[in-house]
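In the text below, chain A, chain B and the rest are named by the order of the sequence lines, each starting its count at 1.
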Amino acid sequence: MNPSPQHRRSFLAHRQAVLTAPKAIAPDGLVLVDLSARPRLGFKGRGTPAWLQGRGLALPGRPNEATPQADGGLLLRLSEHEHLLLAPLSETDGQCQALATAQARERPDHVYPLPRQDSHAWLLLAGAAAADCLAKLCAVDLRADRFGLGDMAQTLMARVSVIVARADLAEHCGYHVLCDSAVAEYLWDCLLDAMAEFGGGPLDQAAFASGLRNPEPP
Amino acid sequence: MKLIPCPLNGLRNAEEFVCGGEVQPEPDASQLSAADWAQHVFHRDNRAGLVREWWLHVPSGYWFIAERDTLSDRFLRSYPASELFAKRTPVGPAEPGDR
Amino acid sequence: MNRLPEPFGCLIDRSRPVRFRFDGLAYTGLAGDSIASALAANGVRVLSSSFKHRRPRGIYSAAGHEAGVLVQVNQEPSVAADERAIAEGMTVSRHHKGGRWIERFDRFLPVGFYYRAFFRPAFGWRLWEPIIRRRVGHGRVDPGFAGGEHDKLHLHADVAVVGGGPAGLAAALAAAETGAEVVLLHRRPRLGGGLLWGRPDAAGQHGGDLAAQLGAAVLAEPRIRILTAATVTGCFADRWLSAVQGARLIKLRARALVLASGQREQPAVFRNNDLPGVMLGSAAQRLIRLHGVKPGRRAVVATANDAGYGVALDLEEAGVELAGILDLRPGHPPGDLRQAAAHRGLPILQGRAPVAAEGRDAVQAVLHAGLDEAGGERGRLAADLLCLSVGGTPAAELAVQAGATLAYDPDVAGFRLTGLPEGVFAAGAVDRRFTAQAAEADGKAAGREAARAAGFVPQPMHRPTATAATPNHPFPIFPHPEGKDYVDFDHDVTVADVANALTDGFEHIELLKRYTTLAMGPSQGRLSALNAARLLARARNLPVAAVGAPNPRPPFGEECFGHLAGRGHHPVRRSALHPAHQARGAKFMPAGLWLRPAYYGSDAEVAVRAEVMAVHHDVGLIDVSTLGGFDIRGPDAPEFVERFHTGSFRKLAPGRCRYGLVCDVAGSLIDDGMVCRLAPEHFYVTATTGAADGIYRSMLWWQAQWRLDVDITNLTSALAGISVAGPKARDLLAPLTRDLDVSAAGLPFVGIREGHIADIPVRALRTGFVGEVAFELHVPAGMALALWEMLLTAGERLGVRPFGVEAQRILRLQKGHIIIGQDTDANTTPAEAGLALAVAMAKPYFVGRRALEIRAGQPLERRLVGFTLADPLAAPPSECHLVVRQGDIVGRVTSVAHSPVLNQTIGLAYVAPDQAEPGIAFTIKVRAGRLLNAVVTKPPFYDPAGARQA
């Protein structure tokens, strides 16, 4: 199925109307961004690693590792033969569309596409207190010095399955959190509740992106 | 809470797993009497000592096999299911000309 | 005021008075006071009435170890008054008042009277229960109490250290020095433990200095995270700790664990040993040094160790007159503190023990006697304070929970920890290192051992040997013929009660515990287990080691419901269309973890009828996103589907679907759905809402064994589903698509096509669940909302209407379609459910095949049939009403509804196999035992030829 972007909406679109006024991320702030409208896709099957490598992607060496791509995307390796590509946090979709088109055209053996944009919601939690905040919901040690860039985990957060990976946000500490799209609103609310004690709140994607480009002076 | 060693995800809290019961490869049904089949379906050894069990890591949907000592409730080792189930199992003759 | 000057009172801030109320009267304490210390400073000694005898009780441990200090704080019951800090405006009250008359009848209320007195006659309990309920318990629960916000937090440590005394502080430092990250949990607000209130040396200086020095070092160490006022309540498998800090429940996982929980001083047993004014020596020291409170005016100290002389020296320095020091030991035992006390001329009575306290609401005098056979002459000392320092027991609850055992060691006349599990270490007084110096050195060694266990490589170090000298007297129990010699204060268990329990045959320590309720109160035997074991051993003429200690269970310390329930996290699954349903006024119902619209509108009956009629006459939309969906792809896709489902799909042509059943290995139905072939090596399989997760797990489990060349992808959340159903469904869809032929020829019944509707990619299935022309559109979840809105807009002219699960249930029942789990149970076979056609027994294998083969050889026990009522106007039965024949149960109703289309009651029910032919009448037993006549009617009830679905 080919995506028709004009009809695509985030699973949290109806919650975006109540976002607080956009603000840049302060160094000690904590923000939750809905990236569900950003492109992402997955492939699995035993032909996947070789095919992705052939397409010029940098592959994580082992399962539960994430490797940044030259264009700013992030490739997550979920198991021996399953990968998930997150588009860069800029406006481009990175290689998502190109890969989808190539797979549909080439139909490589034992490479099965996964509709990750629909199966999973994509949230990003960023700020100095991000690890402390996630510790209220998740039993895996996600502290920045124990769970570094390149680490990812498949675990439970607020009792639902998630994929967590560190986000490379220069001076900010951040985590990508992907959950089943049907629990997006549930987990969004759990995260907002957990953030409250740190004074954190939601931030819309555009404001977040501009904050990344022009960070406030500390 | 116990830690369970997952071959894919490492040591994780028991809450991330579901136990699938003793590993008990399916026997050839055509060779078994009704009583023996009932034995296979409904009876488990429930051994005191080393048992081999199926475990599912729920967040990653990964089934694996773990060896556990039921006397000490300690996990001794765990490994991918492919260690025990290495090859495609043929069950019954395929219909001719289908593949 | 009993307030002492500086330097006494290291926790209090004399510049900050705090006002509070206790039992209706106003008091003023100081910031840093506990409720109990503030009341003691105000001269209030009685904090509660005891559980059974209603005796007055006051401070005993000053450390939260007994029920006698439990009070009500505002709306919160069972608060330990010696632990909770006072706060401005706090209202404190006693749990019970009055009722002390009962103590005069205590000889008629022996242990076990409760079990023996109230169980007969049976109706008597109804009489007694309200009376007993009013009298017992620890506080009042206010159902209107709003409570507070509670939450949970996960922490991780290389080394976790429990206890902030000298051993714990040294352990934390030693572990951190190796590079390990340490979490230090301390129950009290300030680090130091016994160093803050004890008197380790004659000069009385060393403790405070060491506390300051270790405390500063720990604070300066960045690798140590300090949690004060954090009570570790449980120690579970693989070094997993639960701790309560304020309104938060902490779950901590450590690679290695140091338990430096200290020891707990133990009482002596004698008549009136519970009177306010009798307390542990450590309690008096805590009041003096922590809170600057003078615990009495004239004191007796009973001791069996050198520390008791430290208590006497502290009392003297605090201006308390020493009436006498009763030393239970014979001869002239050595000791620096004893020497210092003797040097100051304090009155020492060697070889004497307290045998009774006198007084009604507080102690007024202490009777003492010699400990040799004759007992010697009795003495009487007037005093308002009696301090007991006769020994201690390890604070080993957490260690025991972790798997260690408490073994009695006759050499120390007390319990000792043995068998600590891997990665768990004990240090300090809990492991018999009683002096501050020994505890510190022991902690340092344990910290290094723990760091090594956590994967760090410190220099090894010798642990100091356990102290030879013991603080414990082997039998500080002096039974009194007139009783009131309490072994357990929580439940008023006396020496005679223990003897009675033994007479009644409860000889094992755990049976003794249950029969007498000793060690079952709020303090869980913290002050009674040791003496109970000694008593039991002596009575049975056994060594104490053979008796053992009762098992302390988690939680240690208080956990309130808020800690357990707060932020419980109950996941809710919502379809991508959820916001649209909300906007349309849907009433939601749970379906597994999902929320599904039951119907739209406020009046259920009106809405459901209108929704059914819309599907019947025009066109309706239902959200079927909650259905499971799985892509089975690869060369072995047909083989997998053949093995997993009961039916035959090898010859299913691409673009076609077939109804599929799934059985378990016992041959019972576990799910049904559509098996659709999109391409020769690509199947799309649906599952029911409630079973989808289990089916996915089961598919993966079988595949882990079959090892077929196939990929299984769960699309349940990735694909939303909209079923467009009704005679005008084609009129709605045709104008919206360019690449899908929705005509009867282009997309026939049970066909599947991929294409676009309003530019949105869909898998369109022609299904028949609701009995009209229906297209199930499976669309990417992120685009489902757009499609739903376009369908509603485009369908306005056709009278389109969303319908919910309630309407769908009626529509499917009209067609006689079963719902797995509602019309089937854990034993239902396809044959019983009338679905034998969906089982291809000719296949060589499928899951459940062998069981079905065996079950086919057994007589059928029941059949699922359709029914209508003999009297169309009769009130309908309910689901689960029984089908009866000659008084026997032969089946039950599984589904029933009134069909607005047919205007009659229709249903499905299990009946006996010989009742299954259409036209046979059977009987349903409904409410109040009435019998209702029903008639077997062959489904479908509606459009049996399927003409409407062409």
Side-chain angles (χ1 to χ4, degrees), chain A residues 1-15 36-37 42 44-46 81-82 109-121 132 134-143 145-146 156-161 179-187 189-190 193-194 196-197, chain C residues 149 151-157 181 240 248 250-251 253 567-576 578-580 582-583 593-594 625-626 631 633-635 682 709-720 754-756 758-763 779-787 789-790:
Chain A
M1 296 183 212
N2 293 319
S4 316
Q6 72 273 21
H7 295 306
R8 186 166 284 290
R9 286 182 219 170
S10 160
F11 310 103
L12 292 159
H14 61 294
R15 300 293 299 269
S36 297
K44 73 172 165 163
R46 63 172 188 267
H81 299 133
E82 181 172 356
D109 236 18
H110 293 101
V111 176
Y112 304 103
L114 306 174
R116 291 291 189 178
Q117 193 154 9
D118 294 296
S119 66
H120 282 68
D132 290 339
L134 291 180
K136 294 168 73 176
L137 302 176
C138 179
V140 171
D141 192 351
L142 298 173
R143 287 175 297 168
D145 55 336
R146 298 292 170 113
L156 296 179
M157 192 172 283
R159 295 180 62 196
V160 295
S161 295
C179 67
D180 187 299
S181 54
V183 294
E185 191 168 356
Y186 162 78
L187 191 62
D189 287 336
C190 288
D193 174 60
E197 73 169 282
Chain C
E149 293 270 295
D151 69 359
K152 301 185 173 85
L153 179 69
H154 294 275
L155 291 180
H156 304 267
E181 285 198 20
W240 172 258
R248 182 165 272 176
I250 293 166
K251 304 174 183 185
R253 174 79 69 188
R567 301 301 198 282
H569 298 308
H570 302 286
V572 178
R573 294 173 70 90
R574 294 179 178 91
S575 129
H578 193 84
Q582 275 177 312
L593 292 181
W594 293 92
S625 305
T626 60
D631 262 356
R633 294 175 286 188
H682 185 176
D709 188 357
V710 75
D711 173 74
I712 303 161
T713 295
N714 187 352
L715 297 174
T716 301
S717 298
L719 292 183
E754 290 182 280
H756 293 77
D759 290 333
I760 291 172
V762 301
R763 290 175 179 177
V779 304
M783 303 184 193
L785 206 48
L787 179 59
E789 283 164 5
M790 281 188 279

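- Looking at A784(C), neither its backbone nor its side chain comes within 4.5 Å of chain A, counting heavy atoms on both sides.
- Looking at Y112(A), the atoms closer than 4.5 Å to chain C (heavy atoms on both sides) sit in the backbone and in the side chain alike.
- Chain C forms more heavy-atom pairs under 4.5 Å with one residue of D118(A), D180(A), V160(A) than with any other, namely D118(A).
- R159(A) has its side chain out of reach of C190(A): every pair of non-hydrogen atoms, C-beta onward, lies at least 4.5 Å apart.
- Heavy atoms closer than 4.5 Å to chain C are found in the side chain of H110(A), but not in its backbone.
- For a residue to count as touching a neighbouring chain, one of its non-hydrogen atoms must lie under 4.5 Å from one of that chain's; by this rule R46(A) touches chain C with the side chain only.
- Neither the backbone nor the side chain of R253(C) comes within less than 4.5 Å of any heavy atom of chain A.
- Counting heavy-atom pairs closer than 4.5 Å to chain A, the top residue among K251(C), H570(C), K152(C), R574(C) is R574(C).
- When each of A781(C), G782(C), A786(C) is scored by its heavy-atom pairs under 4.5 Å with chain A, the top score falls to G782(C).
- For CD of E149(C), the number of neighbouring non-hydrogen atoms (other residues, nucleotides, ligands) closer than 6.0 Å is 12 at most.
- Annotation: side chain of L785(C) is not in contact with side chain of H14(A) (no heavy-atom distance under 4.5 Å).
- L715(C) places a side-chain heavy atom less than 4.5 Å from the side chain of R763(C).
- Using a 4.5 Å cut-off between heavy atoms, L593(C) does not touch chain A at all.
- Options G45(A), S119(A), P115(A) differ in how many heavy-atom pairs under 4.5 Å they form with chain C, and the most are formed by S119(A).
- Using cut-offs of 30° and 60° on the angle between ring planes, the pair H569(C) and Y186(A) is perpendicular.
- The CZ atom of R143(A) lies 6.5 Å from the NE2 atom of H156(C); values are rounded to the nearest 0.5 Å.
- Looking at heavy atoms from C-beta onward, K136(A) lies in side-chain contact with R248(C) at the 4.5 angstrom threshold.
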